[in-house]
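Note sheet for the following structure.
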Amino acid sequence: MAPVPSFPVKVGHIDDVQELNKAKPITVPERFVRDMADRPKLTENISTSTGIPIIDLSKLMEGDRDERFSEVMQLQTACEEWGFFQVLNHGIDLNVLENMEKVAKDFFMLPLHEKQKYPMAPGTVQGYGQAFVFSENQKLDWCNMFALGVEPPCIRNPKLWPSNPANFREILEIYSREIRELCKILLKYIAVSLGLKGDVFEEMFRVAVQAVRMNYYPPCSRPDLVLGLSPHSDGSALTVLQQGKDSSVGLQILKDQTWLPVQPIPNALVINIGDTLEVLTNGKYKSVEHRAVTHKEKDRLSIVTFYAPSYEIELGPMPELVDEKNPCRYRRYNHGEYSKHYVTNKLQGKRTLEFAKIQPNTSN
Ligand code: OGA
Ligand code: NI
């Protein structure tokens with residue numbers, strides 16, 4: 001067996017929330033307790049009427065003319081006003097989703113020493129551990145993460161692809177292929193909804209970068225004090241999120257200054273616009289801030305795919321979306337640089353996008 005790498009592992013017993021939780025503590029360690037203003041108001045969870053938009057992909061792809069048109073309009077509204085939607089009839093075999101959920105869950109259920117064979121080395125974002133932690137006094141998320149680069153193959157770190165569960169690699173491979181296709185299809189219709197040619201993004205992105213992050217949120221005795229995942233927008237173009245079948249409600253999006261829960265719909269996938277599409281569309285489509293909260297008794301699993309352009313490309317607002325009424329709001333930059341900027345800063349709402357803004361908004 002290959003020796004376990006000896007570089008420092010940041011996640012010790014004390015920061016690993018699954019390990020912490022095993023002792024069933026009544027209090028949570030200070031490092032997880034949020035400042036008053038950041039704590040979740042869990043009573044807000046009762047609003048069920050305000051669900052995020054739902055897009056039926058089979059109507060977009062196979063509907064008659066009227067259905068296709070009306071679904072594209074709904075997609076436009078979803079991207080413009082919500083930045084989030086759930087996609088139904090996405091065409092991915094449910095076994096593929098179930099298998100992925102199972103191996104991800106099985107991975108998190110392994111003993112800590114087994115998971116620590118795939119550590120997230122300091123300064124990197126792949127492997128098992130806590131990403132986005134840069135200082136001793138930063139609050140920690142009530143979450144364990146396992147992240148892997150998937151495509152193109154050069155971003156993979158094969159040492160981090162676990163051999164336990166035995167079929168993990170094979171299942172992730174199949175899963176990623178399916179999700180990649182879905183991202184391409186969605187980007188095509190997103191382009192159409194913007195009045196652009198269907199293949200603009202595919203051509204522009206070259207060989208798209210795809211990464212997966214599995215988030216496991218154990219129950220927390222004080223869900224009112226902690227966050228599962230700090231508020232952030234995603235750096236991707238598009239994000240695809242699968243929620244575990246028996247998971248608690250946990251994902252929340254910030255809409256009109258209110259945190260709205262995303263009610264899971266069986267077999268649907270949650271899609272959101274990332275920073276890259278916000279820049280490309282000159283802000284017409286927005287990457288919306290979101291976070292995760294925890295639950296007193298239930299755990300939660302999410303499997304999140306980030307789909308983004310090749311690191312090599314230069315990007316900025318597309319000329320078709322810049323005019324007198326919509327002056328250019330973002331500069332051009334290299335996508336690799338943005339990705340680096342994103343992963344070397346803590347998650348803090350939409351702060352990372354200041355990188356691209358022509359006039360950083362300093363008023364709030
Ligand atoms: C993420 C994310 C939310 C969730 O991983 O970027 O927003 O519900 N996850 O796990
Ligand atoms: Ni996110």
Side-chain angles (χ1 to χ4, degrees), residues 17-18 40 42 45 51-52 82-87 97 100-101 104-105 107-108 120 125-133 140-150 175-176 179 183 209-220 223 226-255 259-265 268-278 286-295 298-308 338-339 342-343 345-353:
V17 282
Q18 277 175 271
L42 298 169
N45 266 357
I52 62 169
W82 291 81
F84 263 85
F85 56 92
Q86 309 215 42
V87 62
L97 303 184
M100 190 63 227
E101 180 183 337
K105 187 83 183 257
F107 176 82
F108 283 110
M120 188 180 288
V125 285
Q126 295 193 41
Y128 178 73
Q130 286 249 356
F132 307 104
V133 181
L140 298 179
D141 291 336
W142 196 265
C143 174
N144 281 337
M145 289 179 172
F146 184 45
L148 296 170
V150 178
Y175 180 80
S176 297
I179 298 285
C183 288
V209 168
Q210 187 178 353
V212 67
R213 180 159 73 214
M214 289 145 269
N215 303 308
Y216 179 72
Y217 307 93
C220 179
V226 311
L227 287 177
L229 187 58
S230 301
H232 66 282
S233 60
D234 295 342
S236 55
L238 212 57
T239 302
V240 178
L241 181 139
Q242 178 187 345
Q243 318 210 50
K245 270 213 157 61
D246 308 313
S247 292
S248 59
V249 180
L251 175 60
Q252 298 185 333
I253 69 170
L254 189 60
K255 181 150 171 62
W259 288 103
L260 297 179
V262 174
Q263 301 290 342
I265 301 176
L269 293 165
V270 178
I271 312 294
N272 67 281
I273 303 289
D275 295 344
T276 304
L277 268 189
E278 172 165 332
K286 286 189 188 57
S287 68
V288 165
E289 213 173 315
H290 52 286
R291 68 180 186 184
V293 298
T294 60
H295 190 275
K298 289 179 96 173
D299 61 358
R300 178 162 177 269
L301 174 73
S302 66
I303 300 153
V304 186
T305 299
F306 302 101
Y307 187 87
Y338 184 62
S339 297
Y342 188 91
V343 298
N345 281 278
K346 71 172 182 172
L347 296 178
Q348 201 177 0
K350 292 196 62 168
R351 263 282 283 283
T352 39
L353 204 51

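All values reported here derive from a predicted model rather than from experimental measurement. In each ligand, atom 1 is the first atom listed, and ligand 1 is the first ligand listed.
- A heavy-atom cutoff of 4.0 Å around ligand 1 is satisfied by the protein residues Arg213, Asn215, Tyr217, Leu229, His232, Asp234, Leu241, Leu251, His290, Arg300, Ser302, Val304, Phe306.
- Around the Ni ion (ligand 2), protein atoms of type N, O or S found under 2.8 Å number 3.
- Partners of Phe306 according to the ring-ring contact (aromatic ring centres under 6.0 Å, His included) rule, which considers only residues two or more places apart in sequence or in another chain, do not exist here.
- Side-chain contact check for Asp275 and Tyr338: at least one donor-acceptor pair (N or O, by modelled atom type) lies under 3.5 Å.
- Contacts of Lys350 classified as side-chain contact (heavy atoms from CB on, under 4.5 Å), with partners at least two apart in sequence or in another chain: Ser233, Glu278, Ser287, Glu289, Leu353.
- Taking the six-membered ring for Trp and the full ring otherwise, the centers of Phe107 and Phe146 sit less than 6.0 Å from each other.
- The backbone N or O of Phe108 lies less than 3.5 Å from a partner atom in the side chain of Gln18, making a donor-acceptor pair.
- Taking every heavy atom of both residues into account, Lys298 and His295 meet most closely at N-ND1, 2.9 Å.
- Taken to the nearest 0.5 Å, the CD1 atom of Ile273 stands 6.0 Å off from the CZ atom of Phe85.
- Proximity of a side-chain donor or acceptor of Gln243 to a complementary backbone N or O of Leu301 within less than 3.5 Å is not detected.
- At distances below 3.5 Å, at least one donor-acceptor pair connects side-chain atoms of Asp141 with backbone N or O atoms of Ser230.
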